[in-house]
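No hydrogens, no waters, no symmetry mates; every other heavy atom, side chains included, goes into these values.
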Amino acid sequence: MLMRSLVLITAGCLWIGAAKADPEAWKQEWPNTDFSISAVPFVEILSGGPPKDGIPALSDPEFIPVIEEDRIDPREPVIAVELGGQTPRAYPIRYLTWHEIVNDTVGKLPIAVTFCPLCNSAITFDRRLEDTVITLGVSGKLRMSDMVMYDRETESWWQQAVGEGIVGVHTGKVLEQLPTWMESWAEFSSRNPDGLVMDEPSWSRDYGRNPYVNYDSSRRPFLYSGEMPPHGIPALARVIRVGDRAWPMERLRLTEKLTEDGVTISWRAGKASALDTSRIGDGKDVGSIRVRDAEGNDLPHDVMFAFAYHAFWPEGAWILGDR
């Protein structure tokens, strides 16, 4: 059973005893959220117990030079942010596992680096929204097993996998996804010896430990009752999502590089899964993905579990090759 494969995270970071949505019950905790506006049925939103900010998002983290970092194992995954000619920054998954959102500013660009362990979804968003900048937090709610974020300015709720407002005054608005990617610390640090890496937060957490031991070997996702992926693809198989298209990761492990539908996807061995063994750096090798266009520019993408792609893009295109 899936729950037996999950280890309870201190401070309520793992959801237990989920209950169906009840906006009336939520209003005391969320007095500023306009529940009269929504884009999804409330029955799809699950509340597992942690209050708003029970999983503490971070803002304006400290960084240290790459050459000073000696705590991160070479195979550990980091999110690489290389934008607008600014000094490259690495956001280690060992920290995002426990905080899920980092609000930061690169140059003059306000960004949110996000990671949902239950979907393996690592997406960086532009925090600018029309004429304002929002700051994102973790609501403690799930929809389709994916994190529901909220903005501190209006307490509208946002779906992490798609960057779309689903409850409140920002319902229907979409945050721009930025072209960042997940790779091993060894790969990032060797390419960017003069780069920066997010320093360890001051919270009391066992950074480097994976509280979701063997999760990506499970048969079913946590708190998910939707359809399973088509084509016989396992629910927790990794897929590379580019827009509304998905390439199974296994295709890349066989070829290491392919060019289809106007994009080039490359795979490189050496990055550990963050959702396998107890210590992240010991995880099985799932490799790093880069996605570029015909001119060699990095494209926004996500490496997520197949069930999550199918849940949020049910009419999406599966690029299966000769399978």
Side-chain angles (χ1 to χ4, degrees), residues 2 5-7 9 13-15 55 75-80 91-102 112-125 138 142-149 159-163 177 180-185 209-224 226 228-229 233-242 245-253 265 267-268 270-278 280-291 300-313 316 318:
L2 179 57
S5 70
L6 298 178
V7 178
I9 306 174
C13 290
L14 190 60
W15 302 273
I55 298 172
R75 298 174 63 250
E76 281 191 44
V78 302
I79 297 176
Y91 298 77
I93 295 298
R94 60 164 42 212
Y95 307 141
L96 279 156
T97 293
W98 298 91
H99 298 282
E100 300 195 359
I101 299 173
V102 178
V113 182
T114 72
F115 176 59
C116 177
L118 298 178
C119 293
N120 194 61
S121 181
I123 307 176
T124 303
F125 297 107
V138 183
L142 296 173
R143 177 172 170 261
M144 305 294 187
S145 198
D146 179 59
M147 168 175 50
V148 175
M149 312 181 293
Q159 191 75 61
Q160 184 261 356
V162 295
Q177 182 181 348
T180 62
W181 59 93
M182 194 188 295
E183 63 185 355
S184 70
W185 170 240
R209 181 173 72 86
N210 163 33
Y212 304 87
V213 174
N214 295 327
Y215 181 65
D216 61 359
S217 298
S218 303
R219 292 185 178 180
R220 293 191 63 87
F222 184 51
L223 294 183
Y224 178 74
M228 292 295 108
I233 298 173
L236 281 90
R238 288 171 169 82
V239 301
I240 300 103
R241 179 191 65 81
V242 185
R245 298 166 293 171
W247 283 259
M249 175 75 87
E250 285 305 309
R251 289 193 61 198
L252 275 301
R253 294 177 70 97
I265 306 175
W267 179 89
R268 181 174 179 177
K271 178 176 72 66
S273 166
L275 301 166
D276 182 28
T277 53
S278 178
I280 293 175
D282 295 333
K284 60 190 175 187
D285 189 348
V286 294
S288 303
I289 290 290
R290 291 285 291 272
V291 181
H301 68 279
D302 190 14
V303 179
M304 66 197 316
F305 290 136
F307 82 87
Y309 170 71
H310 184 58
F312 293 107
W313 287 271
W318 294 86

Straight-line distance of [X] [atom1] to [Y] [atom2], nearest 0.5 Å:
X: L96; Y: I79; atom1: CG; atom2: CD1; answer: 5.0 Å
X: I240; Y: W247; atom1: CD1; atom2: CH2; answer: 8.5 Å
X: K284; Y: S217; atom1: NZ; atom2: OG; answer: 3.5 Å
X: M149; Y: E100; atom1: CE; atom2: CD; answer: 10.5 Å
X: F307; Y: L118; atom1: CZ; atom2: CG; answer: 7.0 Å
X: H301; Y: I289; atom1: NE2; atom2: CD1; answer: 7.0 Å

Are the side chains of [Y] and [X] in contact, using a 4.5 Å heavy-atom criterion?
X: V303; Y: V286; result: no
X: I101; Y: M147; result: yes
X: Y224; Y: F305; result: no
X: I123; Y: F115; result: no

**OP:** Could you give me the CA-CA distance, side-chain angles and deciding distance for Q159 and F312, then say whether side-chain contact (heavy atoms from CB on, under 4.5 Å) is met?
**Re:** CA-CA 10 Å; Q159 191 75 61; F312 293 107; 3.6 Å; yes
Original post:
How are the rings of Y309 and W318 set to each other: parallel, tilted or perpendicular (split at 30° and 60°)?
Top reply: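 Perpendicular.
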Which heavy atom of [X] sits nearest a heavy atom of [Y], and at what distance?
X: C119; Y: A308; answer: SG-CB, 3.8 Å
X: V138; Y: H99; answer: CG2-O, 3.7 Å
X: S145; Y: C116; answer: O-SG, 3.9 Å
X: A306; Y: V239; answer: CB-CG1, 4.0 Å
X: S273; Y: L275; answer: OG-N, 3.0 Å
X: T114; Y: Q160; answer: OG1-NE2, 3.1 Å

If only atom types and distance count, is the side chain of [X] paired as donor or acceptor with the main-chain N or O of [Y] below 3.5 Å?
X: N210; Y: T277; result: yes
X: D302; Y: A122; result: yes
X: T97; Y: R94; result: no
X: R220; Y: A235; result: no

Subject >> side-chain contact (heavy atoms from CB on, under 4.5 Å) assessment of R209 paired with S278 >> reply: CA-CA 6 Å; R209 181 173 72 86; S278 178; 3.9 Å; yes
Subject >> Atom CZ of R245 with >12 non-hydrogen neighbours under 6.0 angstrom >> reply: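 Yes.
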